[in-house]
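Note sheet for the following structure.
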Amino acid sequence: GAVVSQHPSRVICKSGTSVKIECRSLDFQATTMFWYRQFPKKSLMLMATSNEGSKATYEQGVEKDKFLINHASLTLSTLTVTSAHPEDSSFYICSARGRNYEQYFGPGTRLTVT
Amino acid sequence: EDQVTQSPEALRLQEGESSSLNCSYTVSGLRGLFWYRQDPGKGPEFLFTLYSAGEEKEKERLKATLTKKESFLHITAPKPEDSATYLCAVQASTANSKLTFGKGITLSVRP
């Protein structure tokens, strides 16, 4: 099956700093990539959708200046959490959709802001 | 608005005790229905995509079926390693549509 990687898997940062998370589709070209956030024992919450070379589309209530998304190529998207605060601590998961509309998820990144 | 309801919320089975997980949906034109497995602290793992009513797909002990209103994930003779949360999602056939997820079913299989 298709493989999506995420890096780093875990990150701890201090309040006020920025953190970048990378998402790569390893064996297919992703026409669209998605970023989700997941709270403990809750379902996935879509944050934003991005197409290669276009600006990301953010879901209602998601601050685009805080969660910067760059979809630089058909295999790479990045999420930067700017000026992170403890309430941004969460599990972030990226997902990539190929030309057949099947959507594959990365392993997730656990962000802890101290 | 697209909706997905999964039942039951949690299911406990004895090893070898077959059962089914239900996913009911409403969508404005179905492009695909997806099943994923998620283990704690990990991203969802793709299992199946079903595109039209009557379609069935199998993988090891899992079999997914689809009707116009619901999908079932049948688990035959489950093993403890099948314990996980199973997510169902639908995608509408409109352009750039997103996945709409159910809340998931947490399956525990006792040895």
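The sequence lines fix the lettering, A, B, ..., with proteins before strands; numbering per chain opens at 1.
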Checking heavy atoms, do the side chain of B/F48, its backbone, both or neither come under 4.5 Å from chain A?
neither
B/L99 and A/R97 have their tightest heavy-atom pair at N-NH2, 4.3 Å
hydrophobic_cluster_shared for A/V19 and A/M33, side chain cutoff 4.5 Å:
no
Could you tell me which portion of B/L87 (side chain, backbone, both or neither) has an atom closer than 4.5 angstrom to a non-hydrogen atom of chain A?
side chain
CG-OG1 distance between A/N100 and B/T49, expressed to the nearest 0.5 angstrom:
7.5 Å
Report yes or no: do A/I93 and A/L111 belong to one cluster of Ile/Leu/Val/Met/Phe/Trp/Tyr joined by side chain heavy-atom distances under 4.5 Å?
no
Tell me if the NZ atom of A/K20 is crowded by more than 12 foreign heavy atoms within 6.0 Å.
no
Side chains of B/K42 and A/F91: closer than 4.5 Å at any heavy-atom pair?
no
Point-to-point distance, once rounded to the nearest 0.5 Å, from CD of B/Q38 to CZ of A/F105:
8.5 Å
Which one of A/E59, A/K41, A/Q6 has the most heavy-atom pairs closer than 4.5 Å to chain B?
A/E59
Counting N and O atoms only, with roles assigned by atom type, does the side chain of A/S43 sit under 3.5 Å from a partner on the main chain of B/G102, one being a donor and the other an acceptor?
yes
Just wondering, are more than 12 heavy atoms of other shown residues or ligands nearer than 6.0 Å to CD in B/E9?
no
Gap between atom OH of A/Y101 and atom CZ of B/F34 - 0.5 Å precision:
10.5 Å
With a 4.5 Å heavy-atom cut-off, do A/Y104 and B/Y36 have their side chains touching?
no
Going from OG on A/S95 to CZ on B/F46, what distance comes out if it is rounded to the nearest 0.5 angstrom?
11.0 Å
Residue pair B/Q91 / A/Q103, side-chain donor-acceptor N/O under 3.5 Å
no
Would you list the pairs meeting disulfide (SG to SG under 2.5 Å) in which at least one residue belongs to residues 23-111 of chain B, sequence neighbours left out?
B/C23-B/C88
Under 6.0 Å from the NE2 atom of A/H85, do we count more than 12 heavy atoms belonging to anything else shown?
yes
CG of A/L46 to OG1 of B/T100: how many Å apart, nearest 0.5 Å?
9.5 Å
Do A/V11 and A/V81 share a hydrophobic cluster, counting only Ile, Leu, Val, Met, Phe, Trp and Tyr and linking them when any side-chain heavy atoms are less than 4.5 Å apart?
yes
Can you tell me if A/L26 has over 12 outside heavy atoms packed within less than 6.0 Å of its CG?
yes
Can you confirm whether more than 12 heavy atoms, excluding those of B/R110, are under 6.0 Å from its CZ atom?
yes
B/F101 with B/L33, same ILVMFWY side-chain cluster at under 4.5 Å
no
For the candidates B/G32, B/G41, B/G104, which exhibits the highest count of non-hydrogen atom pairs separated by less than 4.5 Å from chain A?
B/G41
For A/Q38, is it the side chain, the backbone, both, or neither that has a heavy atom closer than 4.5 Å to a heavy atom of chain B?
side chain
A/K42 vs B/K103 side-chain heavy atoms within contact, under 4.5 Å:
no
Would a single hydrophobic cluster contain both A/Y36 and A/I21, if residues Ile, Leu, Val, Met, Phe, Trp and Tyr are joined by side-chain heavy-atom contacts under 4.5 Å?
no
Non-hydrogen atoms of A/L44 and B/P44 that approach each other most closely:
CD1-CG, 3.8 Å
